[in-house]
**Student:** 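Pasting in a structure now, in structure tokens, and then I'll have a few things to ask.
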Amino acid sequence: MKTYKMLIDGEWVLSSGGGTFPSLNPATGKNWAEIPEASAADVDRAVRAAHRACYEGPWARMSATNRGHCLRRLGDLLADRSEALGEVETRDTGKMLKETRWQAKYISEFYHFFAGAADKINGETLPIDKPDMFVFTNREPLGVIAAVVPWNSQLFLSAVKIGPALAAGNTVVLKASEHASAAMLEFGTLIAEAGIPDGVVNIVTGHGDPCGKVLTSHPLVARVSFTGGPISARHVIGNTRENFAEISLELGGKSPFIVFDDADIESAVNGSVSGIFAASGQSCVAGSRLIVHEDIADDFLDRLAAIANAAKIGDPMKEETEMGPLCTYGQLENLEREVARAVEQGGRIVCGGKRVDAGSDLYFQPTIIDCPRSDLHIVDTELFGPVLSVLRFKTEEEALALANDTVHGLAAGIFTRDSARALRMSRDVRAGIVWINTYRAVSPIAEFGGMKTSGYGRESGFQAVYDYTRPKTVWMNTSSEPLGSQFVAR
């Protein structure tokens with residue numbers, strides 16, 4: 001068992017209350033690490049350290065260019081340590097090593113992007129409608145940012161919070177997921193090495209109460225950036241009533257993957273496999289609702305099922321493995337319940353639907369369920385696992401209606417050779433991210449985020465840096481004459 005510590009004010013510390021909780025290796029079903037259970041006092045200490053660092057000390061006086069240098073070094077270190085970080089993340093989450101290793105390396109580009117943005121945050125000179133007045137705006141950091149990330153893609157999801165927050169001059173208290181905290185704590189060892197002063201980035205670990213609750217309601221927190229599920233998000237929104245913090249939410253999805261009869265079938269099948277079975281379906285943007293034209297549906301499902309049935313399920317550390325385990329027993333049990341319910345409601349299992357013993361009992365077969373109607377519960381319920389719901393359509397209008405018949409609105413995929421149709425669909429589908437003839441592509445240059453119950457606010461892209469600032473308006477009287485009546489507003 002490896003024992004981890006939290007990063008608070010530049011120091012590695014255990015919980016002040018002595019609490020810990022185990023971390024499970026999903027591939028083996030055995031606990032492998034011990035994680036500190038942050039107390040309310042620990043969280044308070046982390047927030048106060050971040051507040052001091054934001055307004056006192058070297059970070060508060062550092063130029064934007066030098067902040068960018070720190071972020072660039074952090075990105076370089078992340079790329080250099082991608083192999084080791086990937087191994088820890090795989091051990092802690094069950095995600096494929098070839099994905100976590102690649103992801104850790106590519107995430108360095110996000111820090112490089114935000115490093116370049118740090119000294120390009122501009123205010124404005126205003127053409128004011130009053131004589132003898134010079135008026136301008138500055139962009140200032142918000143203050144302490146509470147960043148809350150889930151266990152899946154945690155290095156990526158923390159980068160799109162930490163990167164723009166630090167570029168804008170803020171400080172951060174990051175809460176790692178209680179389901180898999182180790183990779184974030186390992187990442188924390190790079191902070192000081194990158195030249196980032198003590199207290200600028202703090203990492204705490206624990207459960208929603210008290211750790212998450214105290215953090216998101218703390219009076220010194222200026223913004224909460226949350227990625228997770230809608231149930232937890234409702235608690236976070238309630239917590240911010242205490243501090244009036246700004247808030248952004250990136251929540252779950254049930255993303256439609258729409259395939260028209262003129263699509264490149266091989267490309268669309270491969271895109272669908274990537275969208276739902278890669279990462280064992282444990283992705284916020286998983287293309288978990290396949291909406292396929294009825295003329296090609298049977299052929300499409302045959303091809304998809306052949307790939308699913310042949311998928312190599314096993315040890316996520318091995319290069320030949322294509323699907324690893326689920327991260328938690330809660331996910332697994334929910335999958336089993338929802339698959340059984342779908343069958344009761346008339347769904348047909350095309351393939352999969354059961355557990356697989358591949359080193360632990362956390363492995364689940366890639367599963368396809370042909371749904372006769374769109375009102376099956378599974379069609380609009382996020383499962384966070386390798387289960388695909390399939391619906392058929394005849395017309396473009398019907399495809400669009402099925403795509404928008406959801407409470408979610410995070411992502412969508414559209415496969416067609418008709419570029420005009422692709423643009424019409426991308427305009428009318430209600431989702432924050434739309435991929436055309438591709439899926440799950442990301443870049444630091446492109447914003448992402450959802451609508452409806454998939455949340456609000458955007459992450460990544462240059463605009464994200466401005467989201468971590470507030471404008472300050474400065475009025476300067478340039479006249480040499482004394483002010484007039486003090487009882488009259490100017």
**Student:** Which heavy-atom pair separates Val429 from Val434 by the least distance, and what is that distance?
**Tutor:** CG1-CG2, 3.7 Å
**Student:** Less than 4.5 Å apart, side chain to side chain, heavy atoms only: is that true for Ser158 and Met184?
**Tutor:** yes
**Student:** Provide the closest heavy-atom pair for Asn122 versus Tyr466 in the form atom of the first, atom of the second, distance.
**Tutor:** N-OH, 2.9 Å
**Student:** I'd like to know whether Phe114 forms a ring pair (Phe, Tyr, Trp, His ring centres under 6.0 Å) with Phe462, so could you lay out the CA-CA distance, the side-chain angles of the two residues, the decisive distance to 0.1 Å, and finally the verdict.
**Tutor:** CA-CA 8 Å; Phe114 290 117; Phe462 193 84; 8.6 Å; no
**Student:** Does any non-hydrogen side-chain atom of Asp262 lie less than 4.5 Å from one of Arg421?
**Tutor:** yes
**Student:** Under a 4.5 Å cut-off applied to non-hydrogen side-chain atoms, are Asp264 and Arg417 in contact?
**Tutor:** yes
**Student:** Is there a donor-acceptor contact under 3.5 Å linking the side chains of Ser39 and Ser15?
**Tutor:** no
**Student:** Provide the full list of salt bridge (Lys or Arg N to Asp or Glu O under 4.0 Å) pairs with a residue in residues 147-158, sequence neighbours left out, each pair given once.
**Tutor:** none
**Student:** Check Arg81, Lys2, Lys5 against Glu186 for a salt bridge (charged side-chain N to carboxylate O under 4.0 Å, His left out) and give me the one that passes.
**Tutor:** Lys2
**Student:** Checking side-chain contact (heavy atoms from CB on, under 4.5 Å) for the pair Phe257/Val292: CA distance, chi angles, key distance, verdict?
**Tutor:** CA-CA 8 Å; Phe257 190 101; Val292 59; over 6 Å; no
**Student:** Output the distance between atom CD1 (Ile8) and atom CG (Asp198), rounded to the nearest 0.5 Å.
**Tutor:** 12.5 Å
**Student:** Between the side chains of Glu140 and Arg470, is the shortest nitrogen-to-carboxylate-oxygen separation below 4.0 Å, so that they form an ion pair?
**Tutor:** no
**Student:** Evaluate the ring planes of Phe384 and Trp151, with Trp represented by its six-membered ring, and classify them as parallel (under 30°), tilted (30 to 60°) or perpendicular (over 60°).
**Tutor:** perpendicular
**Student:** Is the closest side-chain heavy-atom distance between Gln331 and Leu383 below 4.5 Å?
**Tutor:** no
**Student:** Are Phe415 and Tyr439, when compared by the centres of their aromatic rings, separated by less than 6.0 Å?
**Tutor:** no
**Student:** Measuring from atom CG of Leu423 to atom CD1 of Ile436, what distance do you get when rounded to the nearest 0.5 angstrom?
**Tutor:** 5.5 Å
**Student:** Can you measure from CG (Leu78) to CG (Leu190) and round to the nearest 0.5 angstrom?
**Tutor:** 6.5 Å
**Student:** Do Leu166 and Cys70 pass the side-chain contact (heavy atoms from CB on, under 4.5 Å) test, and can you show the C-alpha distance, the side-chain angles, and the key distance before you say yes or no?
**Tutor:** CA-CA 9 Å; Leu166 297 194; Cys70 291; over 6 Å; no
**Student:** Does a donor on one side chain sit under 3.5 Å from an acceptor on the other, for Asp42 and Ser16?
**Tutor:** yes
**Student:** Is the closest basic N to carboxylate O distance between Glu396 and Arg424 below 4.0 Å?
**Tutor:** yes
**Student:** Salt bridge or not between Glu99 and Arg440? Use side-chain N to carboxylate O under 4.0 Å.
**Tutor:** yes
**Student:** Indicate yes or no: does Asp119 engage Arg67 in a salt bridge with an N to O separation below 4.0 Å.
**Tutor:** no
**Student:** For a quick check under 3.5 Å, do Arg458 and Ser248 share a side-chain donor-acceptor pair by atom type?
**Tutor:** no
**Student:** Regarding Asp380 and His408, do their side chains bring together a donor and an acceptor under 3.5 Å, going by distance alone?
**Tutor:** yes
**Student:** Are a donor atom and an acceptor atom from the side chains of Asp76 and His112 found within less than 3.5 Å of each other?
**Tutor:** yes
**Student:** I'd like to check Leu185 versus Ile203 (side-chain heavy atoms, cut-off strictly below 4.5 Å). Are they in contact?
**Tutor:** yes
**Student:** Locate the shortest heavy-atom distance separating Gly287 from Leu388; write the atom from each residue and the value.
**Tutor:** O-CD1, 3.4 Å
**Student:** Taking all heavy atoms of Pro26 and all of Asp92, pick out the closest pair and write down the distance.
**Tutor:** CD-O, 3.8 Å
**Student:** Which value, rounded to the nearest 0.5 Å, describes the distance between Ser454 atom OG and Arg430 atom CZ?
**Tutor:** 12.5 Å
**Student:** side-chain contact (heavy atoms from CB on, under 4.5 Å) between Leu251 and Leu410: does it pass, once the steps are laid out?
**Tutor:** CA-CA 8 Å; Leu251 310 179; Leu410 185 55; over 6 Å; no
**Student:** For Glu124, look at atom CD and say whether over 12 heavy atoms of other residues, nucleotides or ligands are found less than 6.0 Å away.
**Tutor:** no
**Student:** What heavy-atom pair brings Ala411 and Pro256 nearest, and what distance separates the two atoms?
**Tutor:** O-CD, 3.2 Å
**Student:** Just do the ring pair (Phe, Tyr, Trp, His ring centres under 6.0 Å) check on Phe260 and Phe393 with the steps written out, would you?
**Tutor:** CA-CA 9 Å; Phe260 287 91; Phe393 71 91; 5.3 Å; yes
**Student:** Please determine if Glu382 and Lys254 form a salt bridge, counting it only when a charged side-chain N lies under 4.0 Å from a carboxylate O.
**Tutor:** no
**Student:** If the plane angle is over 60° it's perpendicular, under 30° parallel, otherwise tilted; pick one for Phe134 and Phe136.
**Tutor:** tilted
**Student:** Supply the atom-to-atom distance Phe187 CZ to Leu85 CG, rounded to the nearest 0.5 angstrom.
**Tutor:** 8.5 Å
**Student:** Does any non-hydrogen side-chain atom of Cys284 lie less than 4.5 Å from one of Asn152?
**Tutor:** yes
**Student:** Any side-chain donor paired with an acceptor under 3.5 Å for Thr216 and Lys175?
**Tutor:** no
**Student:** Does some side-chain heavy atom of Leu174 sit less than 4.5 Å from a side-chain heavy atom of Val204?
**Tutor:** no
**Student:** So, taking the atom named CG in Leu220 and the one named SG in Cys54, what distance separates them when rounded to the nearest 0.5 Å?
**Tutor:** 10.5 Å
**Student:** Show the nearest heavy-atom pair for residues Leu77 and Ala194, with the distance to one decimal.
**Tutor:** CD1-N, 3.7 Å
**Student:** Taking C-beta and beyond as the side chain, do Leu335 and Pro386 meet within less than 4.5 Å on heavy atoms?
**Tutor:** yes
**Student:** Determine, stepwise, if the pair Arg223 / Ile247 fulfils side-chain contact (heavy atoms from CB on, under 4.5 Å).
**Tutor:** CA-CA 6 Å; Arg223 177 185 171 98; Ile247 186 167; over 6 Å; no
**Student:** For the pair Asp9 and Arg48, find out whether any cationic side-chain nitrogen is under 4.0 Å from an anionic carboxylate oxygen.
**Tutor:** no
**Student:** When you compare the side chains of Lys161 and Ser225, does any donor N or O come within less than 3.5 Å of an acceptor on the partner?
**Tutor:** yes
**Student:** Answer with yes or no after comparing the ring centroid distance for Phe226 and Tyr456 against a 6.0 Å cut-off, counting only values under it.
**Tutor:** no
**Student:** Who passes side-chain hydrogen bond (donor to acceptor under 3.5 Å, both in side chains) against Glu398, sequence neighbours left out?
**Tutor:** none
**Student:** Checking Gln103 against Glu89: is there a side-chain donor and acceptor pair closer than 3.5 Å?
**Tutor:** no
